[in-house]
Participant: 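Okay, here's the structure, questions in a sec.
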Amino acid sequence: QVQLVESGGGLVQPGGSLRLSCAASGSMLKVNDMAWYRQAPGKQREPVASITSGGSTNYADSVKGRFTVSRDNAKNTVYLQMNSLKPEDTAVYSCNADVGVFGDSSYTQRVYWGQGTQVTVSS
């Protein structure tokens with residue numbers, strides 16, 4: 001019923017910038033908290049940034065001051081602006097969203113994941 005699709009990944013030089021997007025699609029949705037995670041080679045998946053439906057944000061210490069998460073509620077889309085990228089930022093970045101789905105007489109809520117987009121920071 002719900003799909004999350006990321007875009008914007010790619011190859012960038014150290015110090016460069018990328019903006020990731022993640023759009024939730026479906027009918028009769030209420031998108032609550034949204035977040036970005038990443039998984040680097042040989043490491044566990046870790047949270048990067050999150051944003052509530054009201055716009056409150058938090059960040060991993062490793063990206064504070066460099067990354068900015070934002071959202072467009074009208075489009076059910078979350079963005080991750082990544083500046084001053086470092087090789088250590090290389091990872092698959094995945095979108096996460098807590099979504100409520102309204103049926104004719106029901107409401108279900110669960111967390112959905114996108115397939116991920118590769119970000120590679122290399123010279």
Participant: Quick one: which of T57, V48, L20 gives a side-chain contact (heavy atoms from CB on, under 4.5 Å) with F67?
Facilitator: V48
Participant: Looking only at non-hydrogen atoms, find the nearest pair between V31 and A97 and report the distance.
Facilitator: CG1-CB, 4.3 Å
Participant: Looking at every non-hydrogen atom in both residues, tell me the closest pair between P47 and A60 and how far apart they are.
Facilitator: O-CB, 3.6 Å
Participant: Between CD of Q39 and CD of Q44, what distance do you get to the nearest 0.5 Å?
Facilitator: 6.5 Å
Participant: Which donor-acceptor pairs under 3.5 Å do side chains of residues 76-83 form with protein atoms, sequence neighbours excluded?
Facilitator:
{"unit_1": "T77", "atom_1": "OG1", "unit_2": "K75", "atom_2": "O", "d": "2.9"}
{"unit_1": "Q81", "atom_1": "NE2", "unit_2": "N83", "atom_2": "OD1", "d": "3.0"}
{"unit_1": "N83", "atom_1": "OD1", "unit_2": "S17", "atom_2": "OG", "d": "2.9"}

Participant: Using the salt bridge (Lys or Arg N to Asp or Glu O under 4.0 Å) criterion, which residues pair with D61? Sequence neighbours excluded.
Facilitator: K64
Participant: Can you list every pair that meets ring pair (Phe, Tyr, Trp, His ring centres under 6.0 Å) and has a residue in residues 84-120, with sequence neighbours left out?
Facilitator: Y37-W113, F102-Y107
Participant: Between N96 and V111, is any pair of side-chain heavy atoms under 4.5 Å apart?
Facilitator: yes
Participant: Table please: side-chain donor-acceptor pairs of residues 115-122 below 3.5 Å, with sequence neighbours left out.
Facilitator:
{"unit_1": "T117", "atom_1": "OG1", "unit_2": "G9", "atom_2": "N", "d": "3.3"}
{"unit_1": "Q118", "atom_1": "NE2", "unit_2": "A91", "atom_2": "O", "d": "3.4"}
{"unit_1": "Q118", "atom_1": "NE2", "unit_2": "T120", "atom_2": "OG1", "d": "3.3"}

Participant: Is there a path from L4 to V92 through hydrophobic residues (I, L, V, M, F, W, Y) whose side chains come within less than 4.5 Å of each other?
Facilitator: no
Participant: With no hydrogens and no angle check, do the side chains of S62 and R38 hold a donor and an acceptor under 3.5 Å apart?
Facilitator: yes
Participant: Can you name the closest pair of heavy atoms from Y59 and A49 and give their distance?
Facilitator: CD2-CB, 3.6 Å
Participant: Not counting sequence neighbours, which residues clear salt bridge (Lys or Arg N to Asp or Glu O under 4.0 Å) with R66? List them please.
Facilitator: D89
Participant: Would Q109 and N32 satisfy side-chain contact (heavy atoms from CB on, under 4.5 Å), going step by step from the backbone distance to the final call?
Facilitator: CA-CA 10 Å; Q109 184 174 343; N32 302 304; 3.6 Å; yes
Participant: CD1 of I51 to OG of S56: how many Å apart, nearest 0.5 Å?
Facilitator: 8.0 Å
Participant: Tell me the disulfide bond (SG atoms under 2.5 Å apart) pairs involving residues 3-71, sequence neighbours left out?
Facilitator: C22-C95
Participant: Heavy atoms only: give me the nearest P14-S123 pair and the separation to one decimal.
Facilitator: CD-N, 3.7 Å
Participant: Test side chain to side chain donor-acceptor pair (under 3.5 Å) on D33 and T52 and set out the steps.
Facilitator: CA-CA 4 Å; D33 294 356; T52 69; 4.9 Å; no
